[in-house]
Each structure stands twice: as structure tokens, then as C-alpha cells.
Amino acid sequence: MDAFKKGWFSEFNDLWPGISVSFEVTKILHHEKSQFQDILLVDTKAHGRLLVLDGIIQCSESDEFSYQEMISFLPLCTHPNPKNVLIVGGGDGGVAREVVKHPGVEHVTQVEIDGRVLELSRQYLPSLACGLSHPKVTLYVGDGFEFMQKHSQQFDVIITDSSDPIGPAECLFQESYFALMKTALKPGGLVCSQAGTIWSNDLQVEKTLEHCKSVFPAASYAYTSVPTYPTGQIGFVMGSLNPNTKFGEPVKVFTENELDEMKLKYYDDKIHRSSFVLPRFAAKAIKNL
Ligand code: SAM
């Protein structure tokens, strides 16, 4: 299917059969095939710049904060002492930008498979990519799955900010990946992974949560709204080595002043709690796992 028609970019892929989101494009900024994927950056009339990998929207300048803040602060505020954080994927830099804001975080390791995503994000998405050059961040270019195989008891929190389960990210949704993350965590550690939407590819949510539950003694699913993603919603699977973890009850609550100082626009303790409250159909599907 032709992704560009009459100045509009449309997202087509098999993960969301019968659904396509479209954006009026003001400029094609860059298009190439890297060693790993098709990379497209466009400027749009309504949502600023978009990063598109293998035809799938990764982020837009207008609403990326919702995703980046939630995938970062849900685990960071559930862990009592998140000193050492690992980010897998996250090539646009938005998650690193958020994670370094947490006052308890001392060091962030990030492993992104595609060096071209890092370079192009620095060039075209500087408001996100600023996270990549923060002094707390050590960046590696490599495969997150292979990286995980070489690390043991090292991280308090692992955030998997991956693209969707096709192409290079497929391995990051497997049960074996959750098992490797378990080994890479320090005692009491937590994981948080991008896990799809309950509205269309709900099987992806169920499968990912099932993998997480089979490895971790405590697991849950939370969601946030991102208008530029198909269905306008995306979620996160979280797992903890501590069986008593209450995911919907943040152990760290920031004051209004602290939230303002950290320039948080979406996350606070109220939205943290509410993000784990699912509509009945989804709660039932997940309960049966
Ligand atoms: N927020 C986005 C979303 O949910 O659509 C994800 C954004 S981020 C750009 C996803 C990144 O994961 C991409 O840069 C991609 O190159 C990276 N990635 C995919 N597979 C990977 C792997 N096996 N190891 C490390 N990074 C990977």
C-alpha cells in the first residue's frame, strides 16, 4: 500500500489489520534503509515531527511526553531505590530524558540496536535526543537481547522502550527475554516493557503479560493515551522480583513543585494509580492469564 498520498502519510501494517492513522505532511525530512529497518522522519501539520520505523509511528513531537513519562516514572516510582537503570531501545532519547530527572537515579545504561536512529534523532528530534547526552547516561549500540545475556544482578529497573514485535524488536517480547531480564536485575528489581494496546492487538498484551507473569512473582499492566498511535492508547507490562509489589501504589510521590521542576506534563501519583485501572473487558481478559 502507498504510504504517501496527496501529501498525507498513512501508517499501514499487519499488527493493526484494517486500521490506519494518517497525517498531513508538510516536509519529508529524511528517509533511508538502515542495516536494521526503514527509517522515516517527516514534519506534519498537526503533530510536529514524526519518527517512523518500518512504516510504524514511534513518536510525534506533540504527544511523546505521555509515553516517555509513563514508561519511565511508573517503574521508577514503584521501586523504592532505583539507582541503576537500563533502557533497551529508546533510540529517540525521550525515555533517557525522563529517567535522568528522577532524583534517585544515579546511572543509566542504554542499549539501542540502530546507530542511525540515534544519529537521526540527534539531528531531527533534539528535544528528545537531549536525553542521550546526559552525563548520567552511558550509551551502547547493540542488540538488547544479546546485551541482557551478558549481565547479571546489575540493574534496579529495566525499561524496554522497543519498537513493535516485528523486525529487530521481536525478540524483546519473548518469554526468554523476560527470563534474561530477571537475571540482570538486582534483588527487588523491576521491569517495564512497551506492550501494545488493549483495543486492537490485545493478543500482544496478553502474550507479553503472560510471559512476564511466568517469570516474575508479581506482574501487571498499565496504559496511557497517545493520540498519534493507532487506537490512541498504548500500555506497559511491569514485573517485579518482589512478590509484595503494589504496582498501582507509588512508593515515591512527588509534590506539585517537584513535578513542575522536573517539567512533567503527564505523570503524577494520581495518574499512576489510575493507569492500572482497566476497563472491565480488559481486566477480565488479563485476570484469566
Ligand atoms: N516509543 C516507541 C513505540 O512504542 O513505538 C518506541 C520508540 S524507540 C524509537 C524504539 C527503538 O527500539 C528503536 O530505535 C529500535 O531501533 C530499537 N530496537 C528495536 N529492536 C531492538 C533490539 N533488539 N535491541 C535494542 N534496541 C532495539
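Each ligand, and each atom within it, is numbered from 1 in the order the structure gives. The first residue in the sequence is number 1, and the count goes up from there.
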**OP:** Apply salt bridge (Lys or Arg N to Asp or Glu O under 4.0 Å) to the pair Lys213 and Glu210, showing each step before the final yes or no.
**Re:** CA-CA 5 Å; Lys213 279 191 167 169; Glu210 206 172 352; over 6 Å; no

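- By the 4.0 Å N-to-carboxylate-O rule, Lys101 lies close enough to Glu98 to be salt-bridged with it.
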Original post:
Hey, mind stepping through Tyr267 and His272 against ring pair (Phe, Tyr, Trp, His ring centres under 6.0 Å) and telling me if it holds?
Top reply: CA-CA 7 Å; Tyr267 179 88; His272 181 128; 5.7 Å; yes

Could you pull out every donor-acceptor pair under 3.5 Å between side chains of residues 121-129 and any protein atom, sequence neighbours left out?
unit_1 : atom_1 : unit_2 : atom_2 : d
Ser121 : OG     : Val117 : O      : 2.7
Tyr124 : OH     : Leu29  : O      : 3.3

Dump all N/O pairs between ligand 1 and the protein below 3.5 Å as a table: atom names plus distance, one pair per row.
unit_1   : atom_1 : unit_2 : atom_2 : d
ligand 1 : 1 (N)  : Gln58  : O      : 3.3
ligand 1 : 1 (N)  : Asp161 : OD1    : 3.3
ligand 1 : 1 (N)  : Tyr229 : OH     : 3.2
ligand 1 : 4 (O)  : Tyr67  : OH     : 3.4
ligand 1 : 4 (O)  : Gln194 : NE2    : 3.4
ligand 1 : 5 (O)  : Gln58  : OE1    : 3.4
ligand 1 : 14 (O) : Glu112 : OE1    : 2.8
ligand 1 : 14 (O) : Glu112 : OE2    : 3.2
ligand 1 : 16 (O) : Gln37  : NE2    : 2.9
ligand 1 : 16 (O) : Glu112 : OE2    : 2.6
ligand 1 : 20 (N) : Pro168 : O      : 3.3
ligand 1 : 20 (N) : Ala169 : N      : 3.3
ligand 1 : 23 (N) : Asp143 : OD1    : 2.6
ligand 1 : 23 (N) : Pro168 : O      : 3.0
ligand 1 : 24 (N) : Gly144 : N      : 2.8
ligand 1 : 26 (N) : Ile113 : N      : 3.2

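- Considering His102, Lys252, Gln68 in turn, His102 is the only one that fulfils the side chain to side chain contact (heavy atoms under 4.5 Å, CB included) rule with Phe73.
- Counting only distance, with no hydrogens or angles, the side chain of Thr197 and the backbone of Trp199 share a donor-acceptor pair below 3.5 Å.
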